[in-house]
Protein chains: 2
Amino acid sequence: MTRPKLIDVAKKAGVSATTVSRVINNYGYLSEKTKSKVFAAMEELNYQPNSLARSLHGKATKLIGVIFPTITNPFFAELIEEIEKACFADDYKLILCDAGYNAQKEKNYLKMLQANQVDGIIAGTHNLGIEDYNKSGLPIVAFDRNLSDQVPIVSCDNFSGGRLATSELYQAGCRHIFFLGSANVANNLHPTNSRLEGYLDFIDSVGLTRHVHSVAYSESAAVKKAIIKEILQKHTVDGIVCTDDLTALLVIQISQQMGLQVPQDVKVVGFDGTNFLQTYHPELTTIAQPIPEIAKLLVTLLQERINDPHQPLKQKRYELPVKVIRSTTSM
Amino acid sequence: MTRPKLIDVAKKAGVSATTVSRVINNYGYLSEKTKSKVFAAMEELNYQPNSLARSLHGKATKLIGVIFPTITNPFFAELIEEIEKACFADDYKLILCDAGYNAQKEKNYLKMLQANQVDGIIAGTHNLGIEDYNKSGLPIVAFDRNLSDQVPIVSCDNFSGGRLATSELYQAGCRHIFFLGSANVANNLHPTNSRLEGYLDFIDSVGLTRHVHSVAYSESAAVKKAIIKEILQKHTVDGIVCTDDLTALLVIQISQQMGLQVPQDVKVVGFDGTNFLQTYHPELTTIAQPIPEIAKLLVTLLQERINDPHQPLKQKRYELPVKVIRSTTSM
DNA sequence: TTGTAGGCGTTATCAC
DNA sequence: GTGATAACGCCTACAA
């Protein structure tokens, strides 16, 4: 029992293949009778048009590739889930490309996406250079990363976020405020570095001392814990700006293990503000990214690129506002 | 600058299309000279074979659909990520079908997957009935759900897990042990119900009183919190078996809000044991599912179905062992 | 309002 | 060893 094709439907409905195709695509003139006959036949055979054959004709595949480092981080999970919702509404299917922190894997995925004729790509990784993406020749939008002049970037307002986090701690009385997280000052390709800049800007503006401790985002939790422990042991710290919520959780965890009281001895601010963290860690003060808005914008921009790939970018960079989620427990 | 095709490579290499195809598929006799000429041309043009056209010819699409309720739950996220790894190793790409708890959405995704000629499906939802899946005519394997006689089920040993969780609490001295989570005794389609059976089995074996409180898995955290609060207020409780770790976190959260000490006043055991929870909540005792093994088995079984769709199932049900992850803090 | 014919990019079956 | 050529399932001028 092989999958039925257009011609089977046509035979069953007693019409030609063309007519069936017209019904499917709602194209040209058709009598109501014919339509219903065809629909009935399709129903009866549980017919699904072969999307491969349609796309071979230049029709869109309605497939888009989403390249992110992982889905096990609640932030990415929620972002991808929102992207999925926005896409589903427009009949786009997602090919999930979990690239890890692995350039080779990302490269392979890029090739596969090309081979599968995806209509476009949403990229949220930082493994590959511009060239590979340019070579693909596909419409692309990027989350939180600078790919090339032809690729629009969507991110939250990282600078304000970093500044805001620092100012929250300052206002809560902290005077020894540390910055902990991914910061690669040498690499201006990464908008996330603006979080550090926001921190520095505020620290300088109130005349405090800068304390920057950098840990790669991709680093294991075990390493992060060790770094946190070292910071807390060796320095006078009363506030920590973390560049993501999970790192903030680790800070709280380690502090407690060391007998430090949060927020009495040390206060913590996170970054991202996922639903997950708001639900399971309402005690954490954090800078929330507008995840659904980011997702919608990414999808909208990608659709524009898909519909008109050669139009110059109206805008290269989109920064969406962050907001503080305050809790009295971590601060 | 349109994407190059087979014929372009052929021209550039000075050979026929057939030869190029042979090189790509490593098929038939070919001189080394020809091969290298063709490879060079492919490289130069950054040629990617159009996978649509190949599949139209009967070749596998190397696409598989994964249907799960969400990726924002760390358990599903980690399971899907492990599935992705196993698939990537065999050149399979994943179409992510985030079906929520929505039968209609799942139905639509099923149709799309058919239309896209996926090679197979891994299903982990509980929205749709057997018929819809049978109609699809696609090779399917299911996670933790009974779909039909033709669909193999992989799950962890839920019964032992439920029993183990209960016995852990008992051994820690609890005598008023409650069961909290998804349990639909009327519906034996759901292997997860075995967790309840394991609980009941142990409770009966030691002569304690059964206390079963059922909350749908799909219920919001807010509702779950309200239910937990009610249980803790109205009953004498010294131990709670939760059917998933996130619910267990809520129990701890609510207990603390109510001034109850965990584990002195009430002890909690979770279920799932993701890396995420082990990292960010090492204090939680839980029954861990063997996520990587489940993922690998799902993919292996699916590949068998794909390669030989009509072979009767060697085995219908696969139950992988669980293990306790003990912590002294939640118990 | 409906049907015929050619083609999308690739593979496979023939010949040469 | 290599090259024509007919499919694969569908879409779309062009006819009728």
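Residue numbers start from 1 in every chain, and the chains themselves are labelled A, B, ... in the order their sequence lines are given, proteins ahead of strands. For the numbers below, each heavy atom of this structure counts, side chains included, while hydrogens, waters and symmetry mates do not.
For the residue pair B/Ile67 and B/Ala99, the shortest heavy atom distance occurs at CG2-CB, 4.0 Å. B/Thr34 approaches B/Ser31 most closely through the heavy-atom pair OG1-OG, 2.5 Å.
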Criterion side-chain contact (heavy atoms from CB on, under 4.5 Å) on A/Lys135 and A/Gln114, from CA distance to verdict:
CA-CA 10 Å; A/Lys135 269 205 299 188; A/Gln114 270 185 271; 6.0 Å; no
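The phosphate of C/dT11 (OP1 or OP2) has a side-chain N or O of B/Arg54 nearer than 4.0 angstrom. Distances shorter than 4.0 Å separate none of the side-chain N or O atoms of A/Ser16 from OP1 or OP2 on C/dT2. OP1 or OP2 of D/dT12 lies within a sub-4.0 Å distance of a side-chain N or O belonging to A/Lys59. For B/Tyr47, a side-chain nitrogen or oxygen approaches OP1 or OP2 of C/dT10 to under 4.0 Å. For the pair B/Thr18 and C/dA12, the criterion of a side-chain N or O lying under 4.0 Å from OP1 or OP2 is not met. Distances shorter than 4.0 Å separate some side-chain N or O of A/Asn25 from OP1 or OP2 on D/dC11.
With rounding to the nearest 0.5 angstrom, the NZ atom of A/Lys93 is 9.0 Å from the OH atom of B/Tyr109.
The CD1-C1' distance, from B/Ile24 to C/dG9, rounds to 10 Å in whole Å. In this entry the distance linking CG of A/Asn50 with P of D/dC11 reads 9 Å, nearest Å. Atoms OH (B/Tyr27) and P (C/dC14) sit 10 Å apart, rounded to a whole Å. For the pair B/Tyr29 OH and D/dG3 C1', the interatomic distance rounds to 17 Å; values are reported in whole Å. One atom, CG of A/Leu56, and another, P of D/dA7, lie 17 Å apart when rounded to the nearest Å. Between A/Leu52 atom CG and C/dT11 atom P the separation is 13 Å, expressed in whole Å. Straight-line distance from the NZ atom of A/Lys33 to the P atom of C/dT2: 9 Å, rounded to whole Å. Rounded to whole angstrom, the span from the NE2 atom of B/His57 across to the P atom of D/dA6 amounts to 13 Å.
In summary, of the residues considered (B/Ile24, B/Val38, B/Asp8), a side chain to side chain contact (heavy atoms under 4.5 Å, CB included) with B/Tyr47 occurs for B/Ile24 alone.
Out of D/dG3, C/dG9, D/dG1, the shortest distance to the side chain of B/Ala53 is found at C/dG9. Distances were taken from every side-chain heavy atom of A/Leu6 (C-beta onward) to each of C/dG3, D/dC10, D/dG1; the shortest belongs to D/dC10. Minimum atom distance to the side chain of B/Leu30 is reached by D/dT2, of the listed C/dT2, C/dT1, D/dT2. Distances from the side chain of A/Thr34 to the nucleotides D/dG9, D/dC11, C/dT1 place C/dT1 closest. Of the candidate nucleotides D/dG1, D/dC11, D/dC10, D/dG1 has the atom lying nearest to any side-chain atom of B/Ser31.
Where A/Gly14 and B/Lys5 each meet DNA chain C at their nearest nucleotide, the meeting point lying more 5' is that of A/Gly14.
Between B/Phe68 and B/Ile122 there is a side-chain heavy-atom pair separated by less than 4.5 Å.
Looking at A/Arg22, its side chain comes within 3.5 Å of the base of C/dG3 through a donor and an acceptor atom.
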